[in-house]
Amino acid sequence: MTAPRSEYKYLTNFLHEQAAAAGVPLNGTFEVTGRCNLACRMCYIRQGAGDLLARSRELSAAQWLSLAEQATAEGMLFLLLTGGEIFLRPDFLQIYEPLTVMGLNLTLYSNGTLVTPAIARRLGMRPPNRLEVTLYGASPETYAAVTGSAEAFHQALRGIDLLHDAGVTLAIKATLTRRNVQDLEAIRALAHARNLPLKTGWMLTERVDGAPCAIEDERLPLDEVMAMEEADAETRAAWAAVDPAEAIECDPMYCHAGKAAFSITPEGTMGPCMDLPLPAARPLEVGFRPAWDAVRAYTRTVQSPEECLDCAVRSYCPSCPARNYVATRSVTSPDRHCCAIAHARQARFHALR
Amino acid sequence: MKVKSGFLLREIGGTYVLVPLGERVVDFNGLATLNDTGQVLWTRLTEGCREADLVEALTSEFDVTEEEAAQDVRAFVRDLQEKRLLEDDGSPL
């Protein structure tokens with residue numbers, strides 16, 4: 001018998017590698033809604049809470065459960081339920097609770113603002129393995145600037161505390177933008193005060209649906225991002241260790257997407273990950289297995305942009321086919337923001353080798 | 001002895017994975033893998049049995065001596081006890 005907690009990461013990696021080799025859809029993401037009660041400027045989905053058209057296209061609870069049963073029969077073990085804001089769906093617990101007895105390792109993503117005492121109590125009775133709440137600032141003013149709602153700050157903290165008190169295993173995430181980066185230390189303090197782990201991210205992508213967005217107005221300046229990476233000892237060491245001359249992985253799909261992982265949109269189309277909604281297979285119409293096979297077949301055809309193949313800064317680049325797709329609507333056209341990050345890293349960290 | 005209820009033993013891509021269900025996540029939030037012998041022992045322990053039954057299960061399923069099987073069983077049971085996966089039903093080992 002194996003897998004004490006310290007070996008959990010090793011175990012999950014092992015299971016993913018094994019699943020990819022065998023074509024098992026080990027890891028699923030269900031985007032149960034694209035709608036959200038917040039209106040974050042940098043969000044890659046951002047459908048309004050009252051968007052009736054979007055709501056009418058969302059799969060029903062019964063349809064999500066049917067997909068979950070089919071995917072579990074094919075080997076799904078890890079399932080992420082995300083949005084949009086999952087608790088915007090009044091039937092969310094009707095989706096969630098049956099999943100807790102299917103033999104799945106469940107993760108939920110939420111902004112925390114719609115968590116009520118009743119929701120927290122029911123989640124605490126059959127908790128997910130992890131629930132990650134994103135904080136968008138550490139004050140009502142910052143929340144107003146980022147999400148359009150000042151009161152959402154206190155709602156989010158209340159949600160976190162209700163879930164924490166109910167015994168749900170929590171983690172805090174923070175998406176850093178020009179409008180909230182000044183709150184980073186205060187966000188850290190909020191997480192620390194509750195003894196919760198904090199993950200931060202600064203990589204913002206364009207909208208998945210291709211709708212116009214002013215993402216450049218939200219992204220942190222690259223010199224600020226590089227300073228943050230250099231200040232983090234682990235990240236600094238990792239980039240300083242990079243040898244640009246070293247041959248790197250040639251498979252453009254270098255993660256498990258489309259090999260052991262899949263994602264299903266609120267409307268029920270399936271792709272390798274949330275940022276790459278192709279080939280838009282339809283598991284409810286053709287069956288889960290044929291749809292998964294179509295996603296795997298599509299993933300095998302994905303190529304890198306030609307100009308990336310002999311790029312001198314490729315080792316520093318965060319690019320992937322999904323990022324290229326959301327930025328350019330083509331997996332083979334490079335996302336120029338990734339190019340800029342790669343050059344900035346090379347300039348910053350190469351001399352530290 | 002018997003293992004606690006509220007777990008599902010799944011075979012995924014050739015690996016046996018033990019997954020807590022529903023409220024069991026409260027006191028066991030994670031996953032465990034079992035090898036072939038662990039899978040046989042766990043399955044017997046879901047119904048409740050004595051140590052001698054487990055040894056017999058291993059010797060009949062695998063090419064091992066009784067002494068080797070007894071060692072494996074004791075190690076497995078100790079592991080279960082450490083992880084608090086055994087029911088405290090007072091039955092003899």
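Here the structure is a predicted model, which is why all the values come from computation and not from measurement. Each chain gets a letter, A, B and so on, in the order the sequences are listed, and its residues count up from 1.
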Measuring only between side-chain heavy atoms, which start at C-beta, is [X] closer than 4.5 Å to [Y]?
X: Val19(B); Y: Leu104(A); answer: no
X: Asn105(A); Y: Leu31(B); answer: yes
X: Leu21(B); Y: Thr100(A); answer: no
X: Thr15(B); Y: Phe14(A); answer: yes

Note: vs chain B, highest number of non-hydrogen pairs under 4.5 angstrom among Val101(A), Leu106(A), Val24(A) is Val101(A)
Counting heavy-atom pairs under 4.5 Å with chain B, the top scorer among Gly103(A), Ala22(A), Gly75(A), Ala19(A) is Gly103(A)
Nearest heavy-atom approach of Gln18(A) to Ile12(B) is OE1-O, 3.9 Å
Scanning both residues in full, the closest heavy-atom pair of Gly22(B) with Pro127(A) reads O-CD, 4.0 Å
Just by modelled atom types, is the Val26(B) backbone N or O under 3.5 Å from a matching donor or acceptor in the Arg126(A) side chain?
-> no
*Ignoring hydrogens and angles, tell me if any N or O in the side chain of Asn29(B) forms a donor-acceptor pair with the backbone of Asn129(A) under 3.5 Å.*
yes
How about [atom1] on [X], more than 12 heavy atoms from neighbouring residues, nucleotides or ligands closer than 6.0 Å, or not?
X: Glu23(B); atom1: CD; result: no
X: Glu66(B); atom1: CD; result: no
X: Arg84(B); atom1: CZ; result: no

With chain A, the option among Leu9(B), Val17(B), Val25(B) that has the most non-hydrogen atom pairs under 4.5 Å is Val25(B)
Okay, Phe78(A) and chain B: the region with an atom under 4.5 Å from a heavy atom over there is side chain
